[in-house]
Protein chains: 2
Amino acid sequence: MSRTYTIEALVRGLRVLSLFGTSESEMTLQQIVTASGLSKSTAFRILSTLEHEGYLVRDEDTLRYRPGLAVLRLGFTALSGLGIRETAHPHLRRLSRETGETASLSTLDGTEVIYLDRVRNRAIVGVVLGLGSRIPAHCASMGKAMLAFLTDEELEQVLGDLAPRTPHSITDRTRLAEELARVRQRGFAINDQELEVGLRAVAAPIWNHQRRVIAAINITGSVSTISRQRLVEDLAPTVMRSAHEISEELGFRPGLGDAAS
Amino acid sequence: MSRTYTIEALVRGLRVLSLFGTSESEMTLQQIVTASGLSKSTAFRILSTLEHEGYLVRDEDTLRYRPGLAVLRLGFTALSGLGIRETAHPHLRRLSRETGETASLSTLDGTEVIYLDRVRNRAIVGVVLGLGSRIPAHCASMGKAMLAFLTDEELEQVLGDLAPRTPHSITDRTRLAEELARVRQRGFAINDQELEVGLRAVAAPIWNHQRRVIAAINITGSVSTISRQRLVEDLAPTVMRSAHEISEELGFRPGLGDAAS
DNA sequence: ACGGATGTTTCACACAGTGAAACAGAGAAC
DNA sequence: GTTCTCTGTTTCACTGTGTGAAACATCCGT
């Protein structure tokens, strides 16, 4: 790999910053030293620098570092900079209104699905919650919708061990491959309590103008309001229609076979 | 200043990253060179590193860089890590429901107010929009509510030139000082079309256990539904009550004069 | 085919970033 | 009250890393 154009000091800093993106959002110097494997002095100087630049804030009492406001600015302009999100949002609204369920938009980042937008049925609020959060792709309807259209090599790179989230989760490679084949054939992916017991979802992929799958949308709801029949016969076509519309707005033109670029 | 514990290569990288937080969310190498003042080679290596770490993504067609998904993760854990937000959210909901207007939470970052949460009247969606965005403090009700409780030195450091946003904006230092005195006296700040014509708001500050103002909440609405009378006589007390409740939940105990620590 | 953009690569040098180890302080243990 | 231990801060000398200049490669418009 091209390690030629990579600047080590910056990488280290970014890695430290990333530590705050995972489990703990508040960390002490010592924790960072052990988590990063850096020497104490280096870690200290990195932290000082990150603090100086506003990416971290230090609580003077507890001496713990936590993400600063600079990080917020970045995160949200990143979100609003994502064209898909603006394009998809009205469709999510309509989906949610028409079905009475929750509609979401996500994209694939490595082995994880990351939520970009969500419109709930109970309109009130809480909308932000879960935005930007990540779940393993093989347990998610949107995840499977996107995995299905990767090349074999990409898929191989992306998949680690398939840890189950519920008894319904797919943990076997072969079964996953079968499932993904079915997704390709039908054009949508379902999730029947594989992520959370009591939760069903149906998703469809979104293509861009390069005929690449870049995102997915889905409809989620409780098993009490979404039967398997309704999922496949009613919701699946609805989600697929919206996904196609979004894809076309992004410049995707349906055609036969692979496209020459 | 302690430039001893600051690592230059990291600072440069973060500065480059920050460029994407402001105006443009997509930039070309050349743009970054001129915007940052770095040499072409350095800028190039920084960009490569940021890309390698997932903080930037490069569009292979246009050769433009834009924020990557790593940045998203950070932003959202930062948000959810903010204790105030969780504490304040139910209050925002209640405020919005009771008044039928939009309620927001923000904090002060330098001369700018940064939105942390918002609950709209029209419940549906769009909630996320504007979250993390920044506006000049002197044109904002929440900004004035927070500025009013800074020390004179802090205020001096924070205020640059008071650029107007509408004809109603405060642009004069003396007038701002008078306004802030009034805010301190009354305990709330109003905004009568100073940020946007047709928009009124009333805000109150939130204190933490150290008796420091760390945030503010407000209620915003159109001049058509919010008269000046309603703003002051009806909404102001409501907002103040909520602000006090939030403050107390954060450990603030009202008392006389300055507290000994 | 030419000129002027922009992006990529090379190279030699200086100094910026590094780890080890010494220092300081705050609690906890006794 | 004294000692021990754990964490954060500072110093220092070395070397390896990040640096800018300048050469090279590509693309695009005319």
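Every chain is numbered from 1 and lettered A, B, ... according to where its sequence line falls, protein lines coming before strand lines.
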Q: Without decimals, in angstroms, what is the distance between A:Leu63 CG and C:dA24 C1'?
A: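 About 13 Å, once rounded to whole Å.
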Q: Counting only side-chain heavy atoms from C-beta out, which of D:dT9, D:dG8, C:dA16 sits nearest to A:Thr28?
A: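 My answer, after comparing the listed nucleotides, is D:dG8.
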Q: Taking OP1 and OP2 of D:dT9, is either one under 4.0 Å from a side-chain nitrogen or oxygen of B:Tyr5?
A: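 For D:dT9, neither OP1 nor OP2 has a side-chain N or O of B:Tyr5 closer than 4.0 Å.
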Q: Can you identify which nucleotide, out of D:dT7, C:dT9, D:dT11, has its nearest atom closest to the B:Ser41 side chain?
A: C:dT9
Q: Remember a base hit wins even if backbone is also touched, and classify B:Arg64 as base, sugar-phosphate or nothing at under 4.0 Å, heavy atoms.
A: nothing
Q: Whole Å only: how far is the CG atom of A:Leu38 from the P atom of D:dG8?
A: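 Result: 15 Å.
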Q: Quick one about B:Thr107 and B:Tyr115 (side-chain donor to acceptor, distance below 3.5 Å, no hydrogens or angles considered), yes or no?
A: no
Q: Can you measure B:Asp59 atom CG to C:dG7 atom P for me and round it to whole angstrom units?
A: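 B:Asp59 atom CG is separated from C:dG7 atom P by 13 Å.
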Q: From CD of A:Gln31 over to C1' of D:dG8, roughly how many Å is that when rounded to an integer?
A: 14 Å
Q: Rounded to the nearest Å, what distance is computed from the CD atom of residue A:Glu8 to the C1' atom of nucleotide C:dG17?
A: 11 Å
Q: Nearest heavy atom decides the nucleotide; on that basis, is B:Arg58 or A:Ala43 closer to the 5' end of DNA chain C?
A: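 Its nearest nucleotide being more 5', the pick is B:Arg58.
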Q: Report yes or no: does B:Thr49 contribute a side-chain atom to a donor-acceptor pair with the main-chain N or O of A:Ile7 at less than 3.5 Å?
A: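 Side chain of B:Thr49 to backbone of A:Ile7, a donor-acceptor pair under 3.5 Å: yes, one is there.
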Q: Measure the distance from CD on A:Glu51 to P on D:dG8 and round it to the nearest whole Å.
A: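 To the nearest whole Å, that distance equals 13 Å.
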Q: Reckon A:Leu10 touches a base, only the sugar-phosphate, or nothing at all at heavy-atom distances under 4.0 Å?
A: nothing
Q: Could you state the CG-C1' distance from B:Leu29 to C:dA5, rounded to the nearest angstrom?
A: 13 Å
Q: Any salt bridge (Lys or Arg N to Asp or Glu O under 4.0 Å) involving residues 146-162 of chain B? Give me the pairs, sequence neighbours left out, ordered by first then second residue.
A: B:Glu156-B:Arg173
Q: Atom CD1 of B:Ile32 to atom P of C:dT6: distance rounded to whole Å?
A: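 Spelled out: CD1 on B:Ile32 to P on C:dT6 is 13 Å.
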Q: What nucleotide, of C:dT9, C:dG7, D:dT10, holds the atom closest to the side chain of B:Lys40?
A: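 That would be C:dG7.
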Q: Among D:dG8, D:dG18, C:dT6, which is the nearest nucleotide to the side chain of A:Gln30?
A: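 The listed nucleotide nearest to A:Gln30's side chain is D:dG8.
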Q: Rounded to the nearest 0.5 Å, what separates atom CG in B:Leu116 from atom CG in B:Leu105?
A: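 CG of B:Leu105 is found 5.0 Å from CG of B:Leu116.
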Q: With nearest nucleotides of DNA chain D determined for B:Arg12 and A:Phe44 from heavy-atom distances, which residue corresponds to the more 5′ nucleotide?
A: A:Phe44
Q: Around B:Glu196, counting heavy atoms of other residues, nucleotides and ligands shown, do more than 12 lie under 6.0 Å from its CD?
A: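 Open: at most 12 neighbouring heavy atoms sit under 6.0 Å from CD of B:Glu196.
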